[in-house]
Novice: 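Attaching a single structure in structure tokens format; questions to follow.
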Amino acid sequence: MAKPRGIDASELRPAPRTAGLVLDAQLHLLDRQVSDVDGVPVTTVDDIELSGPVPDEPIPEGSDPPHITALLTGPVLGTRIFGGRPPSSRLIRIPWEVVSGVDTVLTVGVRSDSLDASWVERWLRNHVIGRIPGGRHDPD
């Protein structure tokens with residue numbers, strides 16, 4: 001019986017370089033805080049929207065790879081607890097074009113008031129946090 005031949009490292013070709021920024025969605029995007037251009041919290045990322053082929057269909061050879069079109073946020077707590085997925089119409093989209101930085105916090109290059117996703121933060125600030133004594137100003 002012949003002993004299987006190992007792979008010589010000199011025979012391996014280097015992986016092709018990728019154009020653009022390569023992100024691990026779970027590590028770099030999901031459940032991250034989104035802040036606006038002034039550092040004001042907007043929301044957290046619950047999901048991402050990708051361009052490209054329909055899920056569970058083979059990707060044709062030579063086609064462009066999927067890319068991020070939007071960050072999605074919305075009422076997902078119940079579905080995380082009980083399972084399932086919220087309807088697409090209930091999710092709020094933040095276009096990927098407005099994302100200006102990916103770090104510990106995702107930064108968008110627009111003010112939070114221009115995004116539909118910031119209404120939850122504004123509502124909580126005005127109706128919950130603002131009613132707590134001392135909640136309307138920075139601590140001394």
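Note that the coordinates shown come from a computational prediction; the quantities given were computed from them, not determined experimentally. Computation of the quantities below employed the complete heavy-atom set of this structure, encompassing side-chain atoms and omitting hydrogens, waters and symmetry-equivalent molecules.
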Novice: Minimum heavy-atom separation for Ser51 to Pro66, with atom names?
Specialist: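 Distance-wise, the nearest heavy atoms are O-CB, 3.1 Å.
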Novice: Are Val102 and Val108 connected in the hydrophobic side-chain network, where two residues link if heavy atoms are under 4.5 Å apart?
Specialist: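 Cluster IDs for Val102 and Val108 match.
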Novice: If we ignore hydrogens and angles and just use 3.5 Å, is the side chain of Arg32 paired with the main-chain N or O of Thr44 as donor and acceptor?
Specialist: no
Novice: Mind checking the CG-OG1 spacing from Leu115 to Thr43? Nearest 0.5 Å is all I need.
Specialist: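 OG1 of Thr43 is found 9.5 Å from CG of Leu115.
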Novice: Using modelled atom types only, decide if a donor and an acceptor are shared between the side chain of Asp24 and the backbone of Gln26 within a distance under 3.5 Å.
Specialist: yes
Novice: At what distance, to the nearest 0.5 angstrom, does CG of Leu72 lie from CD1 of Ile48?
Specialist: 8.5 Å
Novice: Which value, rounded to the nearest 0.5 Å, describes the distance between His28 atom NE2 and Leu106 atom CG?
Specialist: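 So the NE2 of His28 and the CG of Leu106 are separated by 10.5 Å.
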Novice: So, for Gly109 and Ser100, which heavy atoms are closest and what is the spacing to 0.1 Å?
Specialist: N-OG, 3.6 Å
Novice: Of Val37, Val98, Val99, which is the lone residue that meets side chain to side chain contact (heavy atoms under 4.5 Å, CB included) with Val110?
Specialist: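 Of the listed options, the one satisfying the test is Val98.
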Novice: Could you see if Leu71 belongs to whatever hydrophobic cluster contains Val105? Use Ile, Leu, Val, Met, Phe, Trp, Tyr and a side-chain cutoff under 4.5 Å.
Specialist: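 The answer is no; the residues belong to distinct hydrophobic clusters.
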Novice: For Glu49 and Thr69, which I'm curious about, is there any donor-acceptor pair between the side chains at under 3.5 Å?
Specialist: yes
Novice: So Leu91 and Thr73, do their side chains get closer than 4.5 Å, heavy atoms only?
Specialist: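 In short, these two side chains do not touch, never coming nearer than 4.5 Å.
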Novice: Applying side-chain contact (heavy atoms from CB on, under 4.5 Å), run through Ile68 and Leu50 and close with a yes or a no.
Specialist: CA-CA 5 Å; Ile68 300 171; Leu50 297 173; 3.9 Å; yes
Novice: Partners of Asp31 by side chain to side chain donor-acceptor pair (under 3.5 Å), sequence neighbours excluded?
Specialist: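 Only Arg80 meet the side chain to side chain donor-acceptor pair (under 3.5 Å) criterion with Asp31.
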Novice: Which heavy-atom pair separates Pro41 from Ser35 by the least distance, and what is that distance?
Specialist: CA-OG, 4.2 Å
Novice: Using atom types as modelled and distance alone, determine if a side-chain donor or acceptor of Asp46 lies under 3.5 Å from a backbone N or O of Gly74.
Specialist: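 Yes; judged by distance alone, with no hydrogens or angles, the pair exists.
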